[in-house]
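I have placed the structure first, in the form of structure tokens, so that the comments after it can refer back to it.
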Number of protein chains: 2
Amino acid sequence: MKKPVVAVGQSGGPTAAINASLAGVIEGARSLGGRTIGMRYGIEGALSGNFVDLDLALPTARDLEALAHTPSSFLGSCRYKLPDPGEHPEVFAELLAKFEALEADAVLYIGGNDSMDTIAKLATYGRKVGSSIRFVGIPKTIDNDLVGIDHTPGYGSAAKFVATCIQELALDSRAYDLRSVLIVEIMGRDAGWLAASAALAPGAADAILLPETHLETDALISHLDDLVRQKTCVVLATSESITDPSGKPLYQGDSITDAFGHARQRNGMSRYLQNLVRTRLNCKARAIELSTTQRSAAHLASATDLAEARALGCFGAREALIGSEEAFGAMASLVRVSDVPYATELCLADVAEVANKVKNMPASMITADGFGVTGEFLAYARPLIRGEAYPAYVEGVPETVHL
Amino acid sequence: MKKPVVAVGQSGGPTAAINASLAGVIEGARSLGGRTIGMRYGIEGALSGNFVDLDLALPTARDLEALAHTPSSFLGSCRYKLPDPGEHPEVFAELLAKFEALEADAVLYIGGNDSMDTIAKLATYGRKVGSSIRFVGIPKTIDNDLVGIDHTPGYGSAAKFVATCIQELALDSRAYDLRSVLIVEIMGRDAGWLAASAALAPGAADAILLPETHLETDALISHLDDLVRQKTCVVLATSESITDPSGKPLYQGDSITDAFGHARQRNGMSRYLQNLVRTRLNCKARAIELSTTQRSAAHLASATDLAEARALGCFGAREALIGSEEAFGAMASLVRVSDVPYATELCLADVAEVANKVKNMPASMITADGFGVTGEFLAYARPLIRGEAYPAYVEGVPETVHL
């Protein structure tokens with residue numbers, strides 16, 4: 001009898017937990033006697049026939065353990081949006097032919113909104129042409145902005161790193177008896193979930209700016225002015241983008257003249273705020289961008305996050321191989337059963353309901369003045385950063401695996 | 001009989017290990033039945049009589065354990081250079097009066113070059129006026145640029161964080177099959193020790209730029225061009241400042257026009273390099289500044305570093321209280337006895353020989369082309385990042401103590 005075969009890819013921005021999901025997929029396939037084949041660089045690699053045999057690359061349980069603690073995308077990633085299957089069926093026919101050549105029974109794709117769009121389109125096309133391949137999405141994004149799931153794998157680890165960094169940076173900044181404002185810029189352009197995680201470090205951030213809050217510049221300055229009068233060193237956490245009440249970005253980017261005299265647009269919410277504090281409040285200010293460190297900090301992964309990421313991968317692979325009716329176009333998902341004690345259940349969601357949507361923070365998680373989060377957010381987020389899933393270390397640096 | 005009394009202060013930039021030294025000082029004093037009094041915000045606090053009783057603030061061994069894992073300066077820091085004791089003896093008379101009012105037998109100051117200057121001047125003045133107070137410096141700096149010691153406490157933890165981040169960032173960057181250059185800016189304006197620690201992550205950084213190497217811009221571009229042709233994603237680690245063969249900084253700062261139309265000078269070696277790569281090599285480039293995260297990342301402290309920092313504090317306090325002749329104007333120091341197995345010995349150095357000097361990387365630790373480090377550096381630095389000294393966690397974030 002032919003062994004069951006799973007083809008799996010990773011897409012979108014890397015996280016500290018996406019390889020834990022990949023480890024879970026491989027474990028799920030192996031638990032049913034199946035094989036796993038990886039697409040290099042996502043669906044782009046699949047289109048060009050760039051595959052890797054993951055049973056050869058990662059034969060042992062020890063390999064999977066190391067994989068689960070390795071940040072970034074082991075298989076490589078891409079940002080490739082599939083066309084509409086109605087308009088360009090030839091792309092889908094080609095992909096399906098590649099997967100059939102692998103004798104794949106299931107195709108799993110680990111990623112965010114765009115990746116769920118990929119799975120939804122593949123499932124639509126597959127159903128239309130009567131393919132027996134199950135297409136299942138495994139969620140991941142540090143942004144936590146997917147609908148159809150309580151929270152996304154990758155978010156808890158990034159939030160744990162952000163909260164820890166904010167605490168360390170606040171202590172660092174407060175070492176001097178000097179009036180100053182520290183501005184820490186956190187990833188998240190459309191949703192404030194990750195910036196909000198700064199609130200998980202008690203006493204660290206004095207204000208948190210979220211994309212969900214629409215702010216007048218004057219109200220922001222007035223609030224900062226109040227803070228600067230109350231405290232020696234004010235710590236401000238900010239998302240990458242903040243909008244005014246009309247929905248326009250508060251800040252469109254500085255113009256930089258580089259060493260060659262070229263003008264350049266720069267994003268940088270924190271630098272905008274730094275200039276605002278310096279010029280409008282006449283106060284010392286320092287801007288720090290946590291940048292991609294926050295999505296790749298596997299050395300401080302949340303144990304809860306890594307366990308859930310792995311469980312979702314394993315569950316998705318098993319459901320896909322078992323071939324339940326729901327697994328033809330699904331996303332492996334988590335439902336929260338209880339906050340205290342924290343408990344979740346695995347289930348399948350309809351991937352068509354998830355693709356291309358954004359889940360913002362609800363108003364009930366943001367304080368009335370728009371500069372902080374409520375107890376509802378803390379109760380929601382605290383369990384997600386619990387536990388430390390430390391990697392093994394070799395000569396002082398984390399052990400990682402790569403192709 | 002009067003209990004022995006140690007007065008202790010912290011100065012200069014915070015580190016992940018400076019509070020471990022403070023814990024060591026308190027332990028050293030307690031081991032001889034002594035009390036410890038802290039200066040708030042360094043010598044500035046001492047001048048204004050801002051002291052705290054550390055036996056009341058941190059009564060238990062459990063408190064000292066938490067202190068040792070708390071980043072930044074528990075007592076607060078300052079950047080205050082004492083005048084010359086010959087020119088302004090009144091400042092020293094005032095300080096001595098403050099210490100005598102505390103009945104201090106010893107004054108310990110935890111810091112870098114400037115702090116050793118403070119201790120050297122106090123010792124000079126104390127000797128002149130026949131004071132019996134012992135003035136002892138406890139070294140710390142992430143820059144590792146102190147003479148008279150094998151390496152400085154704080155360096156190993158910062159180096160471990162830098163090496164780990166570079167590894168994570170390199171994996172993150174290489175997830176995409178795109179030609180790009182990632183530039184990671186690491187602290188260190190005059191000495192390259194910390195930037196060099198990027199080499200401790202095998203295979204992560206493709207080139208390391210150090211202040212000790214004097215570079216022509218054309219040679220740099222030519223080297224980067226070679227790298228970009230060889231590899232899809234090039235990772236470059238750079239110190240904050242690089243000089244040309246005449247010793248002038250390669251880069252003096254971009255001019256930024258902020259939201260209010262004001263021109264500002266910005267430091268930012270990584271942004272200069274980013275522009276260089278974009279304009280001269282026509283290649284995608286991303287600049288990341290590790291900023292103050294690298295000096296405050298107690299969540300990834302080196303176990304070797306924290307143990308040494310604590311031992312130096314304890315040793316310094318004990319030597320000062322026992323009152324050996326050497327302890328009148330000394331720095332607690334480490335001599336390396338062996339690389340394999342790694343072994344060091346504690347000793348006292350003459351603080352006057354340490355103050356205001358800078359230890360650069362020797363030429364033998366830098367590769368001939370100036371873009372990397374030699375095996376000699378790796379053998380020197382590897383033991384310093386060994387072991388993980390994890391803090392305790394409360395609700396997902398590190399436990400810390402503060403006044």
Side-chain angles (χ1 to χ4, degrees), chain A residues 14 40-41 44 70-73 76-79 160 163-165 167-169 171-177 200-202 251 254-260 262 264 272 275-276 279 286 288-293 295-300 302 382 385-388 390 393 395-398 400 402, chain B residues 14 40-41 44 70-73 76-79 160 163-165 167-169 171-177 200-202 251 254-260 262 264 272 275-276 279 286 288-293 295-300 302 382 385-388 390 393 395-398 400 402:
Chain A
R40 299 299 313 274
Y41 308 107
E44 274 192 315
T70 298
S72 188
S73 299
S77 183
C78 68
R79 293 199 182 275
K160 187 181 186 80
T164 299
C165 276
Q167 176 172 286
E168 292 174 341
L169 292 170
L171 284 168
D172 183 280
S173 215
R174 291 173 181 148
Y176 294 98
D177 193 19
L200 298 170
Y251 161 71
D254 275 347
S255 120
I256 286 187
T257 310
D258 71 22
F260 305 100
H262 304 297
R264 288 190 173 280
Y272 163 74
N275 287 339
L276 206 65
T279 52
R286 183 200 281 262
I288 293 180
E289 288 179 38
L290 291 185
S291 193
T292 51
T293 56
R295 75 180 182 197
S296 55
H299 72 268
L300 192 60
S302 150
R382 274 227 178 87
I385 68 164
R386 253 182 228 144
E388 294 71 53
Y390 296 125
Y393 278 74
E395 289 278 31
V397 289
T400 59
H402 49 88
Chain B
R40 298 300 313 274
Y41 308 108
E44 275 193 313
T70 298
S72 187
S73 300
S77 184
C78 68
R79 293 200 184 273
K160 186 181 185 80
T164 300
C165 277
Q167 176 173 286
E168 291 173 343
L169 292 171
L171 285 168
D172 183 280
S173 216
R174 289 170 182 150
Y176 294 99
D177 193 18
L200 298 170
Y251 161 71
D254 275 347
S255 115
I256 286 188
T257 311
D258 69 22
F260 306 102
H262 305 296
R264 290 190 172 280
Y272 163 75
N275 287 339
L276 206 66
T279 52
R286 182 201 281 263
I288 293 180
E289 289 178 37
L290 290 186
S291 194
T292 50
T293 56
R295 75 179 182 197
S296 54
H299 72 269
L300 192 60
S302 150
R382 272 224 179 90
I385 68 164
R386 251 181 230 147
E388 294 72 50
Y390 296 126
Y393 279 73
E395 288 278 31
V397 289
T400 59
H402 50 87

Check whether [X] gets within reach of chain B through its side chain, its backbone, both or neither, counting any heavy atom under 4.5 Å.
{"X": "Y41(A)", "value": "side chain"}
{"X": "S291(A)", "value": "side chain"}
{"X": "L171(A)", "value": "both"}
{"X": "E395(A)", "value": "both"}
{"X": "T70(A)", "value": "side chain"}
{"X": "R40(A)", "value": "neither"}

Of the listed residues (G387(B), S77(B), P71(B), G76(B)), which shares the most heavy-atom pairs with chain A below a 4.5 Å separation? S77(B)

Between E289(A) and I288(B) (side chain of the first, backbone of the second, donor and acceptor by atom type, cut-off under 3.5 Å), is there such a pair? no

Between [options], which has the largest tally of heavy atom pairs under 4.5 Å with chain B?
{"options": "K160(A), R174(A), H299(A)", "result": "H299(A)"}
{"options": "A201(A), S173(A), A298(A), P202(A)", "result": "A298(A)"}
{"options": "S302(A), A297(A), C165(A)", "result": "A297(A)"}

Taking only residues two or more places apart in sequence, or in another chain, which ones meet Y393(A) in a ring-ring contact (aromatic ring centres under 6.0 Å, His included)? none

Taking the side chain as every heavy atom from C-beta outward, state whether [X] and [Y] have any pair of such atoms under 4.5 Å apart.
{"X": "T293(A)", "Y": "L290(B)", "result": "yes"}
{"X": "D177(A)", "Y": "C78(B)", "result": "no"}
{"X": "S73(B)", "Y": "P14(B)", "result": "yes"}

List the residues meeting side-chain hydrogen bond (donor to acceptor under 3.5 Å, both in side chains) with E44(B), not counting sequence neighbours, and say none if there are none. none

To the closest 0.5 Å, what do you measure between CZ (R286(B)) and CG (D172(B))? 7.0 Å

